> 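I'd like to ask you about the structure that follows.
Sequence positions, counted from 1, serve as the residue numbers for this chain. None of the values given here were measured: they were computed from a predicted structure.
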Amino acid sequence: MNVSEDSRIGIILVDFDEAVSIAKNVCLKISGLHFHRGTGTNATSALTDVTDNVLETAQKLLYWQYIDLSGSFGYPYHHQGATFNWEIFGYELSRGILDLKEHIDLIIEPGRAAISGCPTLLAKVVSLGKEENKLLVLILLWLTSLFLLYMVVTEK
């Protein structure tokens with residue numbers, strides 16, 4: 001099995017059978033497949049186009065119990081950018097899993113994609129003051145349910 005620049009974590013597909021064989025030879029039972037497409041993927045097709053291949057690969061595991069999809073999902077921070085379509089992804093993934101003969105657990109780790117659109121920052125100036133050549137501003141900040149108190153010191 002060769003270390004490849006194509007994969008900074010895990011193994012690449014061409015080495016999968018050899019990795020399973022090595023694990024079997026040392027009495028390790030691999031029961032799951034963790035698939036990571038790449039951080040911040042907003043193109044839905046980047047994951048749906050490989051769903052069948054990932055499931056087919058996982059079926060090579062003798063003790064297959066789960067598949068973990070994580071770290072891949074992006075968030076459209078720029079409004080003109082691509083937006084990941086969870087409905088299409090869910091449909092394609094469900095279709096593939098429902099076609100399986102055995103029951104497996106599905107783990108999806110959406111990461112920041114699950115909460116990136118949620119926070120709202122509110123700010124209120126609660127106090128102004130002067131000290132020598134400095135203006136002191138006391139600001140109360142709320143980020144969703146978290147609140148922080150900041151003091152800003154500026155030179156006049």
> Among all residues two or more places apart in sequence or in another chain, which pass the side-chain hydrogen bond (donor to acceptor under 3.5 Å, both in side chains) test with Asp105?
His103

> Taking side-chain contact (heavy atoms from CB on, under 4.5 Å) as the definition, give me every residue that meets it alongside Glu131, ordered by chain and number, with sequence neighbours left out.
Leu136

> By salt bridge (charged side-chain N to carboxylate O under 4.0 Å, His left out), which residues pair with Asp52, not counting sequence neighbours?
Arg95

> Taking only residues two or more places apart in sequence, or in another chain, which ones meet Asp68 in a side-chain hydrogen bond (donor to acceptor under 3.5 Å, both in side chains)?
none

> For the residue pair Phe73 and Phe89, does the interplanar ring angle fall in the parallel (under 30°), tilted (30 to 60°) or perpendicular (over 60°) class?
perpendicular

> Kindly give the cluster partners of Tyr66, where membership spreads through any ILVMFWY side chain lying under 4.5 Å from a current member.
Ile107

> Under the side-chain contact (heavy atoms from CB on, under 4.5 Å) rule, collect the residues that match up with Lys124, sequence neighbours excluded.
Val126, Trp142

> Of all residues at least two apart in sequence or in a different chain, which pass the side-chain contact (heavy atoms from CB on, under 4.5 Å) check with Thr57?
Leu13, Phe16, Asn53

> For Tyr75, which residues count as a ring pair (Phe, Tyr, Trp, His ring centres under 6.0 Å) partner, sequence neighbours excluded?
Tyr77

> By the rule that ILVMFWY residues connect when side-chain heavy atoms come within less than 4.5 angstrom, directly or transitively, which residues belong alongside Leu98?
none

> For Lys60, which residues count as a side-chain hydrogen bond (donor to acceptor under 3.5 Å, both in side chains) partner, sequence neighbours excluded?
Asp17

> Among residues at least two apart in sequence or on other chains, which ones pass side-chain contact (heavy atoms from CB on, under 4.5 Å) with Val14?
Ile12

